[in-house]
Structures are given as structure tokens and as C-alpha cells.
Amino acid sequence: MMKPRVIYWFRTDLRLHDSPALKAALDLNPEVLWPIFIWDPHYVYQARGGLNRWQFLLDCQKDLSASITKLNPKSKLFLLREAPQTLFPKLFKSWGVTHIVFEKDTDTYPRERDAAVEAAAKQAGVEVIIRSGRTLWDSDKIVSQNRGKPTMSITALQNAGKKLGPVDRPIPAPMSLPNPGEMPLDFEQEHPTSKPDVNCKQRTANDTEYESIAGPKGDFGIETMEELGFPSATTPHRGGESRALRMLDDVIEDTEYTATFEKPKTSPAQFEPQSTTLLSPFLHFGALSVREFYWRVQDVVDKYGKGASSPPPQ
């Protein structure tokens, strides 16, 4: 019987710690594991983002890739440049894929994209495994416990969450990763045919990221701001799982601050000294697990007192 040949598709879960989807992929005991990120034209051209946001995303990718390589020197985060809807049917055939695994996303475009990928996988005989991990509870289950409606307040979310039970504890990062398999590109790359580019005003040069499916060096390397046609970012705040975990450690070390934090007493615009944790962008890109954050803070609150407001003010 053929051992699993697994694509793990990173999206907004750019981390190794507390990743239920990654654990599900590794639980298959795969012969090969391809950790990939796809540079989707939808986000490059149709999702507006500032320069600092783009740099933060690239930072998260670079840090994740380095962490993967530490676990397996033969592996890294492999970047491919094409729309997932057209790319995956070709990868399934060319790479001999048996499974594709990814974290659940509930936004509108990702739902449509993922449905197309699932349909292509089914046609190719590839098993699809999806796990929730971006939120404290599975978002669809929360809606089902809220009379089929999205929760519109923290109180509603907490009430629905209580029906599902306690938030799961985070799971540890893997200690090793399988080797990636061969990655032949014996097919034509489908370039974006039209691009109403909402980010064009920020580009100071032509974007070149789709000139080759494996990047300019052919090594599936991570994009640069230059390839995206962007000037350098201006932020001193950089991304990445390693940085996020160090920042969280610093926050948790200040037990009084952690146990008594109240949002109305802080300003999100205050940076020197900072008045908030500055961890929200890490949570957004999944470089920090929301469950890791939740339980690290909750354990401090439980031990040192409940000075923080509950539920948090909106």
C-alpha cells in the first residue's frame, strides 16, 4: 500500500506550534511532506494592503521557513506562484499527491477557493483533510450554537462557546518533519489574465512575482518587496513566529500587567512605550496561535487574580 504523499498548505497559519491541521498531516505518517505557500493573485491584486503589512507577511514566511529547515535541513516553506484553483489539479498529478491538508478558513473568498480545491482533489482521488485552528472554537460550530447566526458581540461568542465546552489547550510544535518529495514542474504555469490592481499606487516598479512558478532562482524561494514592485517598508515592527513567542513570553513575565489588563486604559496608537501587546498582527497571520495566547494569559489570571474585565470591553 502506498504511503501518504502529503501537501501541507500554509495560509493564515504561519507557525509550527499549536497547529491542529499540521498535526493531522503528520499523524498520517507520510512518506513525503511538502510544506507549501501559494502566492495567490487574488491577494496580490484584489486585496488592499499597506507596505508594512506586506513586509510583515514576508517576515512570517521567512521565519516559518527557517523553523522548518531547523527540523529538517532538506525542507523549507516552498513558495509557488499561481492561483490555487488552477495550480492544485496540476500538482496532484505531477507530484503523485495522496493527501492535501490545510487549516479551515471561513472568509468568503477562501470558502469559494477551498471548495474549488476540494472538488479538484476529489476528481484526482486526493483525500482532503481540514482542521479548525484559527479561532478559539470552530467558527461554524459557534454559529450552530448561536441559532444559526454569526455572533455579533463578545458576550454572544462566550455564550455559544460555553455550549461547546472549554477552549482546547494548545498542542506542541512537531519535533521533526518528513522529507519533501520531488517537485517537478512539467506543466504550463497559468499567469493572471487580468489584474485590476488595487495596490498599483504603492508599486514603484513592475511586479515580477509571476514570471516563474518557482521564483526567479527556481528554488521556490520567498518573495521580496522588490518582486512585488514595492519600495521598502517603514515599520520597525517585524513578523514571524519566533518573534511572536518571545514577545508573548515578555508579556506573560509581567504578571501584574497580564492579570489586570483593561482595554479602555490603553491606546492602540501608543508605541513608545507601548500600551498594548502588539501581538494582533501575529494572530492575524497565524504566526501566533490564538489558543496559545489565550491559555498563557488565562493561567496568569487564574493564578494571580482576576483584575482584568470579563468579558473584555468592546
Side-chain angles (χ1 to χ4, degrees), residues 4-14 19-22 24-25 28 30 32-49 57 61 77-135 138-144 150 180-181 183-199 207 209-215 220 222-223 228 284-286:
R5 297 170 58 84
V6 181
I7 285 178
Y8 186 80
W9 182 15
F10 283 98
R11 293 107 68 87
T12 50
D13 56 330
L14 299 175
S19 177
L22 181 57
L28 294 170
V32 296
L33 178 78
W34 293 282
I36 72 168
F37 186 98
I38 298 179
W39 208 238
D40 188 338
H42 172 86
Y43 291 109
V44 175
Y45 299 125
Q46 299 180 40
R48 195 179 306 277
L57 170 59
Q61 292 176 350
L77 181 64
F78 297 98
L79 268 286
L80 297 102
R81 291 109 168 128
E82 188 176 325
Q85 298 92 323
T86 59
L87 177 61
F88 273 122
K90 294 177 284 191
L91 294 185
F92 294 153
K93 180 180 179 181
S94 182
W95 294 5
V97 178
T98 64
H99 296 73
I100 179 171
V101 187
F102 52 86
E103 184 176 272
K104 186 176 187 178
D105 197 330
T106 56
D107 292 344
T108 301
Y109 167 72
R111 278 185 181 271
E112 297 172 356
R113 174 201 62 202
D114 293 351
V117 171
E118 287 186 73
K122 182 178 181 181
Q123 185 173 3
V126 172
E127 183 176 344
V128 180
I129 298 175
I130 305 171
R131 294 287 185 270
S132 177
R134 191 178 181 187
T135 50
D138 184 305
S139 298
D140 289 327
K141 291 180 180 179
I142 285 289
V143 170
S144 71
M183 304 175 72
L185 300 177
D186 51 354
F187 50 80
E188 293 292 325
Q189 178 188 15
E190 184 165 328
H191 295 267
T193 55
S194 62
K195 49 178 185 179
D197 185 3
V198 300
N199 295 301
D207 58 296
E209 70 275 13
Y210 293 107
E211 290 186 354
S212 169
I213 195 169
F220 302 93
I222 293 168
E223 251 76 7
L228 292 165
H284 173 78
F285 286 112

**Request:** Enter the distance from Asn199:CG to Tyr45:OH here, rounded to the nearest 0.5 Å.
**Result:** 10.0 Å
**Request:** Applying side chain to side chain donor-acceptor pair (under 3.5 Å), name anything that partners Ser212, two or more places apart in sequence or on another chain.
**Result:** none
**Request:** Ignoring hydrogens and angles, tell me if any N or O in the side chain of His191 forms a donor-acceptor pair with the backbone of Tyr210 under 3.5 Å.
**Result:** yes
**Asked** To the nearest 0.5 Å, how far apart are CZ in Arg131 and NZ in Lys104?
**Response** 11.0 Å
**Prompt:** Can you name the ring-ring contact (aromatic ring centres under 6.0 Å, His included) partners of Trp9, sequence neighbours left out?
**Reply:** Phe88, Phe102
**Message:** Walk me through whether Ile213 and Phe187 qualify under side chain to side chain contact (heavy atoms under 4.5 Å, CB included).
**Reply:** CA-CA 10 Å; Ile213 195 169; Phe187 50 80; 3.7 Å; yes
**Request:** Report yes or no: does Tyr8 contribute a side-chain atom to a donor-acceptor pair with the main-chain N or O of Ala21 at less than 3.5 Å?
**Result:** no
**Request:** Enumerate the residue pairs fulfilling side-chain hydrogen bond (donor to acceptor under 3.5 Å, both in side chains) with a member in residues 107-117, sequence neighbours excluded, ordered by first and then second residue.
**Result:** Arg11-Asp114, Asp40-Tyr109, Gln85-Tyr109, Arg111-Asp140
**Request:** Go through Val117 and Val128 one step at a time and tell me if the side chain to side chain contact (heavy atoms under 4.5 Å, CB included) criterion holds.
**Result:** CA-CA 9 Å; Val117 171; Val128 180; 6.0 Å; no
**Message:** Could you tell me if the side chain of Ile36 sits less than 4.5 Å from the side chain of Phe220, heavy atoms only?
**Reply:** no
**Item:** Nearest atoms (heavy-atom pairs only) where Arg134 meets Asp105
**Value:** NH1-OD1, 3.1 Å
**Request:** Flag the pair Glu188 / Glu190 as yes when at least one side-chain heavy-atom distance between them is below 4.5 Å, and no otherwise.
**Result:** no
**Item:** Pairing residues for Ala124 by the side chain to side chain contact (heavy atoms under 4.5 Å, CB included) criterion, not counting sequence neighbours
**Value:** Phe92, Val126
**Message:** How long is the straight-line distance from CZ of Arg5 back to CG of Leu28, given to the nearest 0.5 Å?
**Reply:** 14.0 Å
**Prompt:** Who are the side chain to side chain donor-acceptor pair (under 3.5 Å) partners of His42, not counting sequence neighbours?
**Reply:** none
**Fill in**
Between the CH2 atom in Trp34 and the CG atom in Leu91, the distance rounded to the nearest 0.5 Å is 9.0 Å
**Asked** Do you know the tightest heavy-atom contact between Thr106 and Ser139?
**Response** CG2-CB, 3.9 Å
**Asked** Can you tell me how far the CD atom of Glu209 sits from the CG atom of Leu79, to the nearest 0.5 Å?
**Response** 11.0 Å
**Request:** Grab the two heavy atoms, one from Ala25 and one from Val6, that are nearest each other, plus how far apart they are.
**Result:** CB-CG1, 4.2 Å
**Asked** How far does CH2 of Trp39 sit from CD of Glu223, to the nearest 0.5 angstrom?
**Response** 5.5 Å
**Asked** Can you name the nearest heavy-atom pair linking Pro20 to Ser132, along with the distance?
**Response** CG-O, 3.5 Å
**Nearest non-hydrogen partners of Ala24 and Val101, listed with the distance** = CB-CG1, 4.5 Å
**Asked** Looking at Pro89 and Pro84, what are the two nearest heavy atoms and their distance?
**Response** CD-O, 4.2 Å
**Complete:** Those residues at least two apart in sequence (or on a different chain) that pass salt bridge (Lys or Arg N to Asp or Glu O under 4.0 Å) with Glu82 are Lys90
